[in-house]
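Data block below; observations after.
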Amino acid sequence: MKEVKHYICEICNTEYNERQKAIDCEKNHCKPLEIIEAKYISLAQNMKGYPTSISVKMADGTIQIYKRS
Ligand SMILES: [Zn+2]
């Protein structure tokens, strides 16, 4: 019987056969630090009240914009 080892990136849960690939995957993920802006539309347009987009400051210093689908 042969034992098989797998490695899973703890951030995105992708499975790898090679340890280094899982390490590289984890290192590549850039984490969000804080929401710096949230955009909203009026009550008449959006009864739910959630923002339509948010600007997020990332660990590498960039600002990324995320929009509701
Ligand atoms: Zn990953």
Side-chain angles (χ1 to χ4, degrees):
M1 186 187 295
K2 200 171 182 181
E3 187 177 317
V4 179
K5 259 193 177 176
H6 297 259
Y7 301 90
I8 296 174
C9 171
E10 292 193 42
I11 298 170
C12 71
N13 294 318
T14 299
E15 195 172 324
Y16 296 96
N17 292 329
E18 293 171 48
R19 185 174 186 271
Q20 190 58 49
K21 284 187 177 176
I23 291 170
D24 291 344
C25 194
E26 287 184 355
K27 281 184 182 171
N28 184 57
H29 296 299
C30 188
K31 294 185 177 171
L33 297 181
E34 61 177 322
I35 295 170
I36 58 168
E37 187 184 1
K39 289 190 174 162
Y40 293 88
I41 52 177
S42 73
L43 172 65
Q45 292 174 297
N46 178 11
M47 298 287 284
K48 297 273 187 193
Y50 301 122
T52 53
S53 73
I54 55 172
S55 299
V56 180
K57 185 176 180 185
M58 308 301 287
D60 65 357
T62 65
I63 307 295
Q64 300 294 324
I65 297 169
Y66 293 83
K67 294 180 179 176
R68 279 187 74 192
S69 52

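Scope of the values below: all heavy atoms of this structure, side chains included, with no hydrogens, waters or symmetry mates.
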Members besides Ile36 in its Ile/Leu/Val/Met/Phe/Trp/Tyr cluster (side-chain heavy atoms under 4.5 Å): Ile63
Does Ile23 sit in a hydrophobic cluster with other residues, and if so which ones, taking ILVMFWY side chains as linked at heavy-atom separations under 4.5 Å, directly or through other members? none
So, for [X] and [Y], which heavy atoms are closest and what is the spacing to 0.1 Å?
| X | Y | answer |
| --- | --- | --- |
| Tyr16 | Cys9 | CE1-CB, 4.4 Å |
| Val56 | Leu33 | CG1-N, 4.5 Å |
| Met58 | Cys30 | CE-O, 3.2 Å |

What is the distance from atom CD1 of Ile54 to atom CD1 of Ile35, rounded to the nearest 0.5 Å? 4.0 Å
Contacts of Gln45 meeting side chain to side chain donor-acceptor pair (under 3.5 Å) (sequence neighbours excluded), chain-then-number -> Ser42
Sequence neighbours excluded, the answer for side chain to side chain donor-acceptor pair (under 3.5 Å) partners of Asp60 is Thr62
Evaluate whether atom CD1 of Ile11 has more than 12 neighbouring non-hydrogen atoms of other residues, nucleotides or ligands under 6.0 angstrom away. yes
Can you pull the salt bridge (charged side-chain N to carboxylate O under 4.0 Å, His left out) pairs that have at least one residue in residues 7-19, sequence neighbours excluded? Glu18-Lys21
Which side-chain hydrogen bond (donor to acceptor under 3.5 Å, both in side chains) pairs, counting each pair once, include a residue from residues 23-38, with sequence neighbours left out?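 Qualifying pairs: Gln20-Asp24.
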